[in-house]
Chemist: 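Please see the structure below; I have some questions.
Computed over heavy atoms, backbone and side chain alike; hydrogens, waters and symmetry mates excluded. Every chain is numbered from 1 and lettered A, B, ... according to where its sequence line falls, protein lines coming before strand lines.
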Amino acid sequence: MLGIPLKYNVRNLFVRKVTTSLTVAGIALVVMVFLCVMALGEGLTRVFTASGSDRNVLVLRQNSQSELQSGITRDQVPLVETLPGVEKDADGKPLASAELVVVLNLEKREGGSSNVTIRGVEEKGWKLRPGIRLTEGRMFSPGASEVIVSDGVSRRFKDTNVGEELHFGAYRWKVVGHFDAGGTAPDSEIWTDVEGMINTFKRNGYSSVLARTPDRAARDLFVAGLSSDPRLALEGKVERTYYDEQTATAAPIKFLGLFVGVVMAIGACFGAMNTMYAAVSSRTREIATLRALGFSRLSILASFILESVFLSLLGGLLGCVLGVLAVKLALSGVTGTTNFATFSEVVFAFRLTPALLLTGVVFSLAMGFFGGLFPAGRAAFTKITQALRQVG
Amino acid sequence: MKLLPLVFKNLFRKKTRSLLTIGSILLPLFVICILGTMLRALDSDPSNGKGMYRLIVRHKVSITNWLPAAYDPKIRQLPGVVEVLRMNWFGGSYVDQSARNQFARFSTSDADRFLKVFDEATVVEGSEKEWVDDRSGLLVGRLLMKKYGWKLGQKVTLKGDIYPVTLELTIRAVFEAPDETGVYFHHEAIEEALPRVKGFVGWYWIKTASLEATERIPAQLDAMFENSSFPTKTETEKEFQNGWVSMLGNVKLLVTSICTIIVFVILLIAANTMAMAARERVTEIAVLRTLGFRKRQILGLVLGESLLLSLFGGVLGVALYALLFPGFREAVANSPMGGFAAGMKLFPEILAVAFAVTVFVGLVAGLAPAVRSAQRSITDGLRQVG
Amino acid sequence: MGKPLIRIENVVKQYTRDTQVLTVLDGLSLEVEEGDFVALMGPSGSGKTTLLNLVAGIDRPTSGTIHVGDAEVSSMSEGALARWRSQHVGFIFQLYNLVPVLTAFENVELPLLLTRLSKADRRRQVETALGVVGLSDRMDHYPRQLSGGQEQRVAIARAIATDPTLLVADEPTGDLDARSGEEILVLLERLNHEFGKTVVMVTHDPKAAARAHRLVHLDKGVLKEDVRAKEAAGSIGLAAAVEVSAGK
């Protein structure tokens with residue numbers, strides 16, 4: 001088969017400057033919208049997929065979907081911590097942290113308010129989450145009504161700078177430090193001392209216990225031990241699994257991205273089809289000439305599909321560039337939404353991954369292929385004799 | 001107007017192209033309608049203004065913290081309070097955790113006052129009395145009855161998470177209201193199984209006598225409990241709903257940006273079509289001008305075609321949307337975001353916006369080709385082949 | 001014969017392409033009497049089509065004046081020219097230039113849409129025009145359903161629908177076979193004789209030119225030869241002149 005050089009198609013695209021650029025711009029915008037919405041969903045998903053360790057087990061009351069709904073009494077904690085499977089530290093104490101979570105309705109810097117999780121932790125809580133580091137100020141001291149706030153939360157909520165005071169009617173906390181958890185769940189939280197918090201909120205117990213296990217076997221042993229103890233009525237969940245289950249929060253956003261992306265892609269595909277039909281009909285004589293010169297139907301077909309794919313590829317690449325620019329420049333800050341599993345805000349950033357960009361390009365290639373298919377078919381089945389006679 | 005038939009015939013000169021263009025206007029416009037409706041539903045008031053006379057009192061920290069049940073008489077004695085209703089979020093699950101089986105489950109300590117506070121709701125099956133009298137009775141939204149095929153008198157099992165109990169409740173009444181996606185039962189049903197939760201409720205609803213009372217009571221009430229162990233936050237129903245919306249993050253900005261870009265995409269596609277159409281008709285337009293057609297008539301001819309093309313797509317898009325709306329609303333109602341469906345209507349302003357977008361696209365897309373066509377000299381146009 | 005309908009005085013037409021100035025008509029003067037049938041001949045680029053366009057009022061001279069009837073078309077505004085064209089000139093093209101989406105009837109009706117005529121009046125005039133060209137039975141056909149000759153006859157009907165005084169034709173037989181071309185020429189002759197239309201026709205075709213009463217030969221933008229057929233000798237004398245011109 002004789003192939004028609006791609007140069008021929010590229011030149012033709014540049015001859016039809018207006019049409020080509022309008023079509024490319026249309027496809028680019030569609031790809032950009034798709035990428036931005038998906039980057040939003042990806043950023044949100046990433047919070048959950050990056051959170052939690054495989055070796056940590058989160059102990060909750062049976063049937064509780066989240067820490068917020070769970071409750072563990074004081075006397076249950078030692079029973080849990082001494083179950084087989086829990087790792088011990090150098091002093092022989094179990095590596096486990098009994099924690100309390102409460103959601104606070106705080107005012108956002110941009111106006112409006114949202115719920116933020118405030119977590120009371122034991123000192124050991126730090127060792128269980130090695131990814132967290134202080135970025136400013138110092139650690140809270142137990143019993144002193146002090147809190148540390150994640151960088152993400154402090155960027156979005158009022159009264160959360162180091163030195164400021166978070167107050168809430170009778171409750172007052174001094175912000176003494178900021179921390180960063182590398183884009184994981186604690187980045188949406190405020191931390192304080194658990195015993196102080198139990199006093200403040202007049203609770204009679206904890207929400208959960210986070211326990212570290214040395215390996216998979218120990219972990220399974222611990223989880224099995226929990227569920228087989230009828231006195232406790234507790235269950236253990238691998239911390240990573242617990243967060244993975246919350247990725248459903250991102251589902252509506254991803255659905256929105258896909259829905260808008262696919263419907264708009266069909267629209268843009270129609271646009272590309274129009275452009276290609278016009279290209280074919282204005283080149284009828286050319287096509288007939290090529291056929292008369294001995295080019296096969298297949299090579300005409302391939303040539304026009306290639307032209308269309310090239311056209312959309314330009315759009316797709318431009319869309320990726322626009323998407324990257326949009327995410328880097330306009331959408332670079334952190335944003336937040338509510339995770340309805342925990343009733344509180346998740347702070348996250350837009351995340352445009354190479355895989356997403358590739359999806360965008362593939363998306364545009366598909367638009368080009370389907371947009372070019374029918375016009376190319378029409379071109380390939382042009383009747384030579386008739387076309388040569390035709391004017392224009 | 002005599003030229004209208006010509007505009008029509010020009011429009012469908014290239015049928016494939018016109019249909020593709022109409023399709024590429026119709027689909028995005030459909031998306032705009034859906035997004036616009038969602039956005040509009042966010043700040044709609046499904047209670048038809050009755051919410052103006054309702055306040056919600058919650059724990060200052062957040063709605064997940066309980067309040068003492070004993071606030072009831074204290075709140076009740078405030079002037080302008082018509083009725084007080086203690087409510088509680090049960091959560092839990094029905095059958096399993098799947099998205100299909102998500103709906104709101106509430107318990108109330110004051111079943112007999114429920115319909116007095118939510119006076120936009122009416123019982124359509126069973127009776128209020130039967131529900132109030134049966135401690136394990138369940139009041140169900142009509143939409144849920146339909147969705148799960150429940151019958152009056154049927155037993156429904158709810159498994160708790162916040163409250164570690166399993167409740168077996170009997171459907172005693174069905175209500176019709178703008179929001180029909182919840183079930184309500186007696187808080188006593190929980191208290192019987194879990195005595196330790198006695199004395200606490202989730203939040204209070206207040207029915208006020210007047211708008212003056214609606215405005216005055218929040219500050220008054222919050223001041224009353226300011227220094228207690230359970231400080232409160234009182235808001236109007238509207239403010240409370242806006243709070244949820246604000247918790248979703250900047251949805252409005254996101255959706256508005258998407259819609260704006262969609263309009264641009266339509267514009268580009270339509271402009272492309274009109275540019276192609278005008279280019280192919282250079283000679284023909286020169287001929288019309290030779291026959292004595294004025295520049296503005298040519299302008300009108302091309303703009304008219306562009307407008308008509310866009311209107312075809314727009315009107316079809318809006319019609320398609322209006323046609324599919326009931327199904328769309330039902331799909332939302334059956335999704336985990338079911339509560340959202342209550343605020344969804346065929347908002348006339350959304351349809352108007354869609355129509356305005358259509359006209360805008362039609363005029364702007366046709367402008368450049370129309371001006372170029374009208375400005376081209378006749379002899380130039382005649383010289384061009386094809 | 002009659003008084004002059006067209007008076008062309010010292011007309012210059014120049015085009016600027018890039019920086020080069022191209023002189024297409026170079027101080028040309030010409031008069032055409034009312035009721036005359038003039039053939040414009042000359043090699044490509046001699047300026048004959050330009051002259052035709054100037055006379056028809058779709059182009060304007062760089063300098064010089066052109067009068068058609070009482071109107072000085074060389075100085076009219078574009079809007080006025082458009083109105084004037086719709087009333088006084090019928091244009092016939094080599095490639096017919098019918099609007100493909102309109103039927104024969106609708107094509108002929110097009111120029112009438114610019115008038116204040118009622119629908120019934122328009123219908124009558126279209127039917128008359130199509131009757132003159134002998135296509136009363138093809139009214140509802142679309143251009144693609146007609147032969148080349150028939151298409152050109154519809155184009156002629158369109159040109160005469162508003163009953164203009166002047167018909168200008170640019171190679172009206174250039175795209176037709178001999179027989180169809182002959183039919184078109186007979187029709188133009190009839191419009192000239194019977195309906196008293198002044199006809200100015202650009203042509204390459206000696207046979208077409210032979211139908212005219214007067215032959216104007218242009219070369220490089222100037223008048224080269226102007227031959228009038230003698231009343232008595234009729235077309236024979238002119239035909240000889242045509243051959244002489246064509247031979248050069």
Chemist: Got a sec, which residues hit side-chain hydrogen bond (donor to acceptor under 3.5 Å, both in side chains) with T232(B), two or more places apart in sequence or on another chain?
Modeler: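 D222(B).
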Chemist: Within the supplied structure, the quantity of interest is the number of heavy atoms (other residues, nucleotides, ligands) at a distance under 6.0 Å from N204(A) CG; does it exceed 12?
Modeler: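 No.
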Chemist: Answer yes or no: is there a side-chain heavy-atom contact under 4.5 Å between E345(A) and R156(A)?
Modeler: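 In contact.
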Chemist: Heavy-atom cut-off 4.5 Å, strictly under: side chain, backbone, both or neither for T275(A) against chain B?
Modeler: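 Interface part for T275(A): both.
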Chemist: So which part of I27(A) gets closer than 4.5 Å to some heavy atom of chain B, the side chain, the backbone, both or neither?
Modeler: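 For I27(A), no heavy atom lies under 4.5 Å from chain B.
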Chemist: Can you say whether L35(B) sits under 4.5 Å from chain A via the side chain, the backbone, both, or neither, judging by heavy atoms?
Modeler: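 Interface part for L35(B): side chain.
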Chemist: Is it the side chain or the backbone of L40(A) that comes within 4.5 Å of chain B heavy atoms, both, or neither?
Modeler: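 Contact with chain B is through the side chain of L40(A) alone.
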Chemist: Which bit of M273(A) comes within less than 4.5 Å of chain B, counting heavy atoms only: side chain, backbone, both or neither?
Modeler: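 Answer is both: backbone and side chain atoms of M273(A) are under 4.5 Å from chain B.
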Chemist: Side chain, backbone, both or neither: which part of T335(A) has a non-hydrogen atom closer than 4.5 Å to chain B?
Modeler: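 Neither part; nothing is under 4.5 Å.
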Chemist: Tell me, for V102(A) versus chain B, whether the close heavy atoms (under 4.5 Å) come from the side chain, the backbone, both or neither.
Modeler: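 Answer is side chain: those atoms of V102(A) sit under 4.5 Å from chain B.
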Chemist: Is the NZ or CZ atom of R378(A) both under 6.0 Å from the centre of the six-membered ring of F374(A) and within 45° of that ring's axis?
Modeler: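 The answer is no, since R378(A) fails at least one limit relative to F374(A).
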Chemist: What part of V37(A) is in contact with chain B, defined as an atom under 4.5 angstrom from a non-hydrogen atom: side chain, backbone, both or neither?
Modeler: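 V37(A) touches chain B through side-chain heavy atoms alone.
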Chemist: For the pair E67(A) and K237(A), find out whether any cationic side-chain nitrogen is under 4.0 Å from an anionic carboxylate oxygen.
Modeler: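 No, E67(A) and K237(A) are not salt-bridged.
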Chemist: So for V33(A), is it side chain, backbone, both, or neither that comes closer than 4.5 Å to the heavy atoms of chain B?
Modeler: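 V33(A) touches chain B through side-chain heavy atoms alone.
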Chemist: For R155(A), check side-chain hydrogen bond (donor to acceptor under 3.5 Å, both in side chains) against everything at least two apart and list the hits.
Modeler: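 side-chain hydrogen bond (donor to acceptor under 3.5 Å, both in side chains) check on R155(A) returns nothing, list empty.
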Chemist: What part of S257(B) lies closer than 4.5 angstrom to a heavy atom of chain A: side chain, backbone, both or neither?
Modeler: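 S257(B) has no heavy atom closer than 4.5 Å to chain A.
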Chemist: Looking at N105(A), is its backbone amide N or carbonyl O close enough to the side chain of S62(B) to form a donor-acceptor pair, meaning the two atoms are under 3.5 Å apart?
Modeler: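 Between the backbone of N105(A) and the side chain of S62(B) there is no qualifying donor-acceptor contact (under 3.5 Å).
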Chemist: Under 4.5 Å from any heavy atom of chain A, what part of K233(B) do you find: side chain, backbone, both or neither?
Modeler: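 K233(B) has no heavy atom closer than 4.5 Å to chain A.
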Chemist: Under 4.5 Å heavy-atom distance to chain A, tell me which part of F230(B) shows up: side chain, backbone, both or neither.
Modeler: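 The answer is neither part of F230(B).
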Chemist: Name the orientation class of the two ring planes belonging to F30(B) and Y321(B) (parallel below 30°, tilted from 30 to 60°, perpendicular beyond 60°).
Modeler: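 The rings of F30(B) and Y321(B) stand perpendicular, inter-plane angle above 60°.
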Chemist: Looking at I162(B), L27(B), V61(B), which makes the most heavy-atom pairs under 4.5 Å with chain A?
Modeler: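 Ranked by heavy-atom pairs under 4.5 Å with chain A, first place is V61(B).
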Chemist: With distance as the sole criterion, is a donor-acceptor pair present between the side chains of T19(A) and R279(B) under 3.5 Å?
Modeler: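 Yes, a side-chain donor-acceptor pair sits under 3.5 Å.
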Chemist: Could you tell me whether R13(B) and E280(B) make a salt bridge, using a distance below 4.0 angstrom between a side-chain N and a carboxylate O?
Modeler: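 A salt bridge is absent here (no side-chain N lies under 4.0 Å from a carboxylate O).
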Chemist: Would you mind telling me which of I269(B), T21(B), I262(B), T273(B) has the largest number of heavy-atom pairs within less than 4.5 Å of chain A?
Modeler: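 When all of I269(B), T21(B), I262(B), T273(B) are compared, I262(B) has the most.
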Chemist: Flag the pair E284(B) and R281(B) as a salt bridge only when some basic side-chain nitrogen lies within less than 4.0 angstrom of an acidic carboxylate oxygen.
Modeler: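 Between R281(B) and E284(B) there is no salt bridge, as every charged N stays at least 4.0 Å from the carboxylate O atoms.
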Chemist: Under a 4.5 Å heavy-atom cut-off, does chain A meet the side chain of I34(B), its backbone, both or neither?
Modeler: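 I34(B) touches chain A through side-chain heavy atoms alone.
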Chemist: Taking I63(B), T64(B), L254(B) one by one, which has the highest count of heavy-atom pairs under 4.5 Å against chain A?
Modeler: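 Sorted descending by pairs with chain A, the first entry is T64(B).
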Chemist: Taking G160(B), G91(B), A275(B), P164(B) one by one, which has the highest count of heavy-atom pairs under 4.5 Å against chain A?
Modeler: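 Heavy-atom pairs under 4.5 Å are most numerous for P164(B).
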